[in-house]
Amino acid sequence: MVWLTATGLVVGLLMVAALVGFVFWQGMVTFWPRPVVRLELRDGTVVVGEVTRGNRYRPGPEVLAGLDGAARAAADGQLAQQDGRLQRRLVRTGNFELTGEHFRWVDDFAVGQQGESRPEWALVFERVAWGRFYGEPVAFLADGEVVAGTAAEAWRLFGEHHRGAADPHADAAESGPDYALRVATAGGAEKDLPLGTIVRAYAANQLDWGGQLGLYLARWGEFLSAEPREANSEGGVFPAIFGTVVMTLGMTILVVPFGVMSALYLREYAKAGVLTSLVRIAINNLAGVPSIVFGVFGLGFFCYIVGGGIDQAFFGDRLPTPTFGTGGVMWASLTLALLTLPVVIVATEEALAAVPTSMREGSFACGATKWQTIRRVVMPRALPGVMTGAILAMARGAGEVAPLMLVGAVKLAPDLPLDGTWPFFHPERSFMHLGFHIYDLGFQSQNSEAAKPMVFTTTMLLIAIVLFLNAAAIWFRSRLARKFSGSKF
Amino acid sequence: MPGMAQDAQQRGGGTITGRTIRRKPSRQVLLGDAVAGKLIAAAGIGGIAAVALVGLFLLWVALPLLVPTGIEPAAVPLQATGAAAAAPGAVILGQGMDEYASVVWTVFDDGTIALRSLADGKALPPLHLGPDASPTAFAAAGGEGHVAFGFADGSIMTGVLEFSTAYLASDEVPADLQDLAVGERRAWQDGLVELTQERQFRLLRLELGLDERLPVGDGPILGLDLVHAGDAATVVAVDAAGVLHDRTLSWKVNMMTGERRVRTRGGDFDLAGLGADADRRWLRVLVDGTSRRVLLVAGDGTALLLVRGEDGAFSLAGRQDLVPEDGAELSAMVWLGGRGTLLVGDTGGGLHAWFTVQGGPGEPPLLVRAHALERGPAAVTALGASLRTRIVAAGYRDGTVRLYHVTSGRLLGSDRREGAGVTAVTIAPREDLILASGQGGAAAWRIDAPHPETSWQTLFRPVWYEGYPGPAHVWQSSSGSDSFEPKYGLVPLIFGTLKATFYSLLFGLPIALLAAMHTAEFLHRKVRARVKPVIETMASLPSVVLGFLGALVLAPAIEGVVVQVLAVAVGAPFFVLLTAHGWQMLPRTGAARLEPWRPVGVLCGLAAGAAAMWSLGAPLERLLFAGDVKAWLDGRVGSGIGGWILLLLPAAAFGVAWANGLWGEGLLRRRGPGWTPLRLAVLDLGRFLAGTAAVVALAVFLAWMLDGVGFDPRGSVYGTYVQRNALVVGVVMGFAIIPIIYSIADDALTAVPDHLRAASLGAGATPWQTLVRVVVPPAVSGLFSAVMIGVGRAVGETMIVLMAAGNTPILDFNIFNGFRTLSANLAVELPEAVQNSTHYRTLFLAALTLFAMTFVLNTVAEVVRLHFRRKASRL
């Protein structure tokens with residue numbers, strides 16, 4: 001029976017390890033470049049792309065019906081071996097404007113004998129629009145004229161002239177000739193890719209270890225610092241990181257003073273009695289009220305009533321388009337501040353309770369007033385506890401998504417809430433948030449398969465932030481315990 | 001001594017150190033103290049009040065849903081019905097109002113269309129259908145102003161009776177209108193002018209455009225109805241000769257000349273040939289919104305349902321007495337907006353709503369009486385329906401006017417006007433005014449019913465919505481169709497919330513409690529200090545991450561290997577116990593040294609069990625679920641035995657364990673003391689294996705019996721597999737609640753003082769016996785509060801269910817089907833809800849429900865926890 005309890009613990013620990021490990025593994029490998037494979041199918045089709053993943057499936061009769069000869073034999077062989085299932089791979093083929101699809105399932109039995117190869121000149125293009133492009137370079141063009149006719153030469157010239165994607169706001173006239181790379185795709189078509197539309201290109205099968213690492217780091221750099229592209233499925237998450245930080249900071253600034261003062265009031269000023277214990281129960285209770293309820297309150301009260309009131313009073317000329325009367329970073333911060341208030345109050349109260357009464361009495365005996373005692377004696381000792389509460393509140397606020405969906409987190413907000421234009425802080429602007437970004441990428445994206453790697457990296461980033469904050473809180477708490485253990489009078 | 005102190009104060013710097021001692025704090029310090037005290041009190045109370053505000057605000061927004069409604073007489077000076085414009089004794093055939101409820105028109109049977117301004121009650125110049133055009137029947141299609149008239153010579157005429165709005169240019173505003181105040185209305189020429197908020201002069205005129213008269217039959221038209229769709233209208237008329245005339249008119253407007261051409265199709269049907277009683281006079285005819293169903297109604301309330309076939313011909317689909325009550329006769333009928341529901345009033349004051357529901361496959365539709373509204377004081381003489389919603393106004397013979405909402409069955413308001421009965425009643429298009437006309441004059445009432453469709457019944461009881469086979473709990477807040485009625489039943493959402501909570505507890509509760517027991521009782525203090533924060537870290541994982549992993553990683557992964565997953569869940573604990581029994585057979589000395597490695601043993605047992613059960617998955621699927629579990633779940637293949645076995649295994653295991661405790665333990669205890677440990681261990685292993693065999697056998701036997709009796713678990717606990725389902729949510733949300741339950745349960749167990757444990761162990765009890773009999777009983781209220789708080793978290797969790805539950809608001813216990821919770825519903829719908837609409841307030845009510853649920857759970861948990869803490873401190 002003891003073993004059963006041990007099973008419970010082991011399963012619990014395994015689940016944590018598996019989840020965090022899985023997310024971190026997926027997040028870490030996502031940006032590592034994969035080789036480009038060329039699959040020649042038995043029916044003559046050629047598929048070029050990166051293998052994303054593979055699985056086994058149970059084929060319906062329609063899959064097998066149209067097969068003949070060697071393919072049928074290969075499929076039957078697999079079916080016999082694998083308990084009626086077939087192996088297939090999901091290949092990212094890109095070239096959306098030509099084929100109308102980003103991904104394609106390829107059955108293993110459909111690939112011919114020696115039909116799999118890794119062509120040396122297979123290039124991967126990450127572009128500003130239309131997703132990835134796979135193909136082999138044929139020629140390099142300057143103003144429509146072919147300058148180089150071989151793959152190697154074209155690729156060398158590309159390396160010379162490519163300066164990253166063109167800034168759409170920059171003046172096009174200043175730049176030199178219009179360069180383009182002519183690329184042949186697996187389907188036999190040729191397409192000229194203007195250099196300005198290409199974010200990054202690499203010959204996946206030529207990269208050595210160092211090249212792969214460089215590409216990997218470059219992608220991480222882009223991820224952390226750039227704006228999203230292609231309906232958020234490519235590019236970076238900088239606005240989301242920034243939005244999360246601004247929102248969380250705003251929340252902290254709002255919640256900590258109020259939380260600390262509430263706790264001080266409850267612990268130091270209010271008379272202990274039925275009322276304070278009732279209030280304490282209520283506060284503990286509110287820590288358990290679902291976050292979405294706070295979101296509903298935030299939308300109804302802050303956005304519609306307070307924000308609507310501000311609009312009526314100050315922005316009447318812009319109505320009915322709301323300025324403050326809709327979701328915004330200020331309302332999100334306020335809502336989350338309300339949500340995390342119990343966390344801060346409870347943590348601060350615990351820290352205050354841990355300060356021995358004898359110290360207060362000593363201070364009073366020396367003639368200090370109540371406020372002096374609190375400021376000079378109680379607060380310094382309680383500070384690590386307060387910090388713990390604040391960090392826990394930040395961790396909770398950074399990871400919370402449900403209320404933000406109602407009070408201002410949006411899928412794309414190119415205008416940051418804090419920028420160089422007066423008045424620098426724009427509390428009415430809606431913002432991007434890492435957690436909402438995950439939800440949006442995974443569930444609202446048209447090309448959810450392509451967005452998957454981004455979801456994992458974003459998830460990893462969010463978990464890393466939250467775990468870091470929690471670890472910091474735990475560290476503070478243990479330091480507090482060490483510092484003051486046994487220091488009672 | 002006081003003297004000395006005074007002395008020191010007076011002399012100031014007379015101390016040894018030369019510093020001034022002040023016995024009183026400086027004014028600055030005192031001020032600081034007072035200010036800080038006030039500030040902290042204010043901020044503290046403010047902070048606490050702000051939190052309390054949340055609940056109150058939700059209540060404040062949701063409450064108007066349930067406030068009483070009413071109608072109150074409007075101060076509109078109305079002259080007599082406007083009959084002055086028509087011939088004396090003329091009968092009202094129809095009545096209507098414009099969008100702003102400022103002009104009312106009345107069609108009389110002498111061909112006059114009288115117009116009155118509702119602003120001052122004055123008559124505007126009337127319109128006429130033309131010379132010798134005295135209609136015998138009139139119908140309006142609603143909405144776009146299409147109307148049809150039937151005449152005594154057997155002809156019909158269609159047309160458009162519509163208000164047109166024009167704005168007067170500022171230079172053409174005549175002098176007598178210049179003094180108009182904003183919002184004031186005044187009759188001018190043949191229309192009504194209003195000065196709008198934007199200071200524009202809006203001219204409202206009624207325009208009548210008539211098509212040519214279309215002879216369709218010989219006898220006078222008794223009843224006709226008109227339905228309009230796109231650029232075609234269907235007119236159905238019945239004449240005194242008992243012939244049904246069906247005409248579909250389509251208009252073509254020549255772009256060049258603006259000429260309007262009418263094309264007519266259709267046929268005439270002898271009612272006797274359709275199976276109608278020849279001796280009844282069919283007075284009324286009604287055509288529904290699809291124009292495929294026609295209802296013929298005789299004066300005594302007998303109705304025939306005719307259905308139009310593919311070839312356009314009608315066939316009789318059913319016969320129904322619309323007023324089955326004795327002594328009551330049919331007296332008024334009206335279609336509700338969308339023409340799906342027919343409201344029937346009778347001479348006994350009864351009001352009933354009828355609509356058609358699908359019969360069985362291949363059977364004709366059925367007419368059902370779905371709603372009975374509160375009986376009125378006299379015979380119903382007039383009915384008027386809103387074009388947008390299900391509000392209906394009824395006029396009675398004694399002058400009473402009542403306002404009902406049909407679906408909710410609510411009587412919204414009632415008032416009586418002295419004088420003669422009501423012959424026509426109309427609800428303004430914006431549902432702000434009722435106008436009732438009768439022989440004695442007309443009167444108007446303002447409607448005060450912001451949320452007529454909501455009541456406790458519609459929120460929490462089954463409601464019979466149009467087209468549904470019976471009353472049902474439905475949540476459906478939006479749809480693509482125009483005549484859609486929003487359905488706000490909270491029960492499916494509450495059910496979804498409870499379903500999610502149940503399945504997540506099923507998975508999370510055992511793990512959390514077992515893990516807490518192990519951490520509190522069997523782990524070394526140092527290990528415990530490291531393990532606990534790790535599990536508590538789980539609590540801080542953002543739920544959006546869990547939801548995403550559940551929906552996009554776990555759900556597709558589980559889909560292909562359902563049987564394997566279930567097999568591992570059921571079988572792995574068995575293998576762990578098997579390992580434990582093997583462990584017992586180790587020599588005593590070795591076992592003691594290996595004690596710290598027990599988790600590794602557990603891990604090995606778990607891994608071996610998982611691997612074994614996984615490989616058993618496919619054979620089990622063949623054996624129990626006919627080789628394809630999804631087809632089995634759909635009910636297409638196999639019998640219910642496999643499902644029953646899975647369900648009954650835990651019950652059988654408990655039964656066998658109980659029986660073992662009843663008989664097996666005693667035997668072992670009597671004989672055991674003389675045996676060697678190895679012999680005991682072997683015997684124990686044998687007992688365990690025999691017990692397992694008994695469990696399986698019992699489960700199979702019971703399953704076979706149940707299946708033999710005819711019970712099939714499919715359709716209740718099992719059902720069609722959906723990728724995002726309760727199983728996935730159970731696992732992922734279990735993950736979310738494990739750390740909460742674990743943490744509080746662990747605290748509760750460690751709070752039990754050590755001397756109890758020492759006494760128990762000293763008296764010879766095993767650690768397990770100590771845990772179960774000594775530690776758990778005093779901690780049980782703490783464990784309970786842990787579970788309550790875990791339930792609270794599961795109830796309110798949003799992102800996980802939003803992402804992994806599929807969000808279909810259905811009432812279905814099936815573990816393999818999705819659901820929608822209160823919280824996910826809020827996240828999905830609130831951003832789209834219009835502020836202060838019924839939808840918005842209902843969502844706030846949902847939030848309030850959620851708030852109340854968690855508040856109760858948490859309060860109970862907190863009170864129990866405080867009680868436990870007091871009790872534990874006394875031990």
Side-chain angles (χ1 to χ4, degrees), chain A residues 1-13 15-16 19 83 258-259 261-262 264-266 269 279 281 283-286 288-294 296-297 299-301 304 338 341 367 369-372 395 399 401-402 405-406 435 438-439 442-443 455 459 462-463 466-467 470 474, chain B residues 25 29 32-33 36-37 40-41 43-44 47-48 50-51 54 57-58 61 511 514-515 517-519 522 533-535 537-538 540 542 544-545 548 552 573 576-577 580 598-599 602-603 618 735 738 767-768 789 792 796 798-799 803 823 826-827 830-831 835 844 847 850-851 854-855 858-859 862:
Chain A
M1 280 298 145
V2 178
W3 283 70
L4 266 189
T5 60
T7 312
L9 184 62
V10 168
V11 169
L13 290 174
M15 280 167 64
V16 186
L19 184 136
D83 194 33
F258 273 95
M261 282 200 250
S262 299
L264 276 176
Y265 176 74
L266 274 181
Y269 283 86
V279 165
I281 287 179
I283 286 170
N284 268 330
N285 241 327
L286 281 158
V289 167
S291 57
I292 187 81
V293 172
F294 285 97
V296 172
F297 173 79
L299 181 75
F301 186 73
Y304 287 162
L338 211 54
L341 194 61
T369 61
K370 195 163 199 171
W371 172 239
Q372 283 174 322
V401 180
M405 291 170 73
L406 301 179
I438 294 171
Y439 170 69
F443 292 85
V455 198
T459 306
L462 183 61
I463 290 193
V466 170
L467 288 189
N470 271 288
I474 289 172
Chain B
V29 171
D33 188 50
I40 284 173
I48 293 158
V51 176
V54 174
F57 179 74
L58 295 179
V61 175
I511 294 181
L514 291 176
M517 286 178 190
H518 195 80
T519 325
F522 307 124
V534 172
I535 296 212
T537 312
M538 282 168 79
S540 62
V544 67
V545 171
F548 149 69
L552 291 187
V576 176
L577 290 179
R598 186 157 52 197
V602 171
L603 205 60
F735 198 108
I738 282 173
W768 176 253
I789 289 178
T798 307
M799 293 315 288
M803 295 163 99
S823 52
L826 287 172
L830 194 56
Q835 193 190 354
F844 267 73
L850 207 53
F851 183 85
T854 49
F855 204 88
N858 288 325
T859 308
E862 186 69 16

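Everything numeric in this text was worked out from a predicted model, so none of it was measured.
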Under 4.5 Å from a heavy atom of chain B, the part of A:Val289 involved: both
Any idea which heavy atoms bring B:Pro542 and A:Val466 closest together, and the distance? CG-CG2, 3.9 Å
How long is the gap from CE on B:Met803 to CD1 on A:Ile438, to the nearest 0.5 Å? 7.5 Å
With side-chain contact (heavy atoms from CB on, under 4.5 Å) as the criterion, how do A:Leu4 and B:Leu577 come out once you've worked through the C-alpha distance, each side chain's angles and the decisive distance to 0.1 Å? CA-CA 7 Å; A:Leu4 266 189; B:Leu577 290 179; 4.0 Å; yes
Is chain B contacted by the side chain of A:Val296, its backbone, both, or neither, given a heavy-atom distance below 4.5 Å? both
Name the option with the most non-hydrogen atom pairs under 4.5 Å to chain A; the candidates are B:Pro573, B:Gly796, B:Ala580, B:Ala36. B:Ala580
A:Phe301, part contacting chain B, at a heavy-atom distance under 4.5 Å: both
Sort out for me which of A:Gly300, A:Gly435, A:Gly12 touches chain B most, counting heavy-atom pairs under 4.5 Å. A:Gly300
Correct closest heavy-atom pair for B:Ala847 and A:Val293 would be O-CG2, 3.8 Å
Against chain A, work out which of B:Leu603, B:Leu58, B:Val576 has the most heavy-atom pairs shorter than 4.5 Å and name it. B:Val576
Top contributor to chain B contacts, counting heavy-atom pairs under 4.5 Å, from A:Asn285, A:Ile292, A:Val11: A:Asn285
Please flag which part of B:Ile738 lies under 4.5 Å from any non-hydrogen atom of chain A: side chain, backbone, both or neither. side chain
Where does A:Leu264 contact chain B at under 4.5 Å (heavy atoms): side chain, backbone, both or neither? both
Looking only at heavy atoms and a cut-off of under 4.5 Å, which of A:Gly399, A:Gly259, A:Ser262 has the most pairs with chain B? A:Ser262
Provide the closest heavy-atom pair for A:Leu406 versus B:Leu826 in the form atom of the first, atom of the second, distance. CD2-O, 3.9 Å
Option passing ring pair (Phe, Tyr, Trp, His ring centres under 6.0 Å) with B:Phe57 (candidates A:Tyr304, A:Phe297, A:Phe294): A:Phe297
Relative to chain B, which of A:Ala402, A:Gly367, A:Ala395 shows the most heavy atom pairs under 4.5 Å? A:Ala402
Which atom names give the shortest non-hydrogen contact between B:Ile40 and A:Tyr265, and what distance separates them? CG2-N, 3.7 Å
Under a 4.5 Å heavy-atom cut-off, does chain A meet the side chain of B:Ile789, its backbone, both or neither? neither
Might you point out which heavy atoms bring A:Ile474 and B:Pro533 nearest each other, and give the distance in Å? CD1-CB, 4.2 Å
Would you give the length of the straight line joining atom CE of B:Met517 to atom OG1 of A:Thr5, rounded to the nearest 0.5 angstrom? 8.0 Å
Select one option (side chain, backbone, both, neither) describing which atoms of B:Val61 are under 4.5 Å from chain A's heavy atoms. neither
Tell me the closest heavy-atom pair linking A:Gly8 and B:Ile511, and the distance in Å. O-CG2, 3.4 Å
Ranked by heavy-atom pairs below 4.5 Å to chain B, first place among A:Gln372, A:Met405, A:Met15 goes to A:Met15
A:Val16, part contacting chain B, at a heavy-atom distance under 4.5 Å: both
Do A:Trp3 and B:Leu514 pass the side-chain contact (heavy atoms from CB on, under 4.5 Å) test, and can you show the C-alpha distance, the side-chain angles, and the key distance before you say yes or no? CA-CA 10 Å; A:Trp3 283 70; B:Leu514 291 176; over 6 Å; no
Can you check side-chain contact (heavy atoms from CB on, under 4.5 Å) on B:Ile535 and A:Leu9, steps first, answer last? CA-CA 9 Å; B:Ile535 296 212; A:Leu9 184 62; 3.8 Å; yes
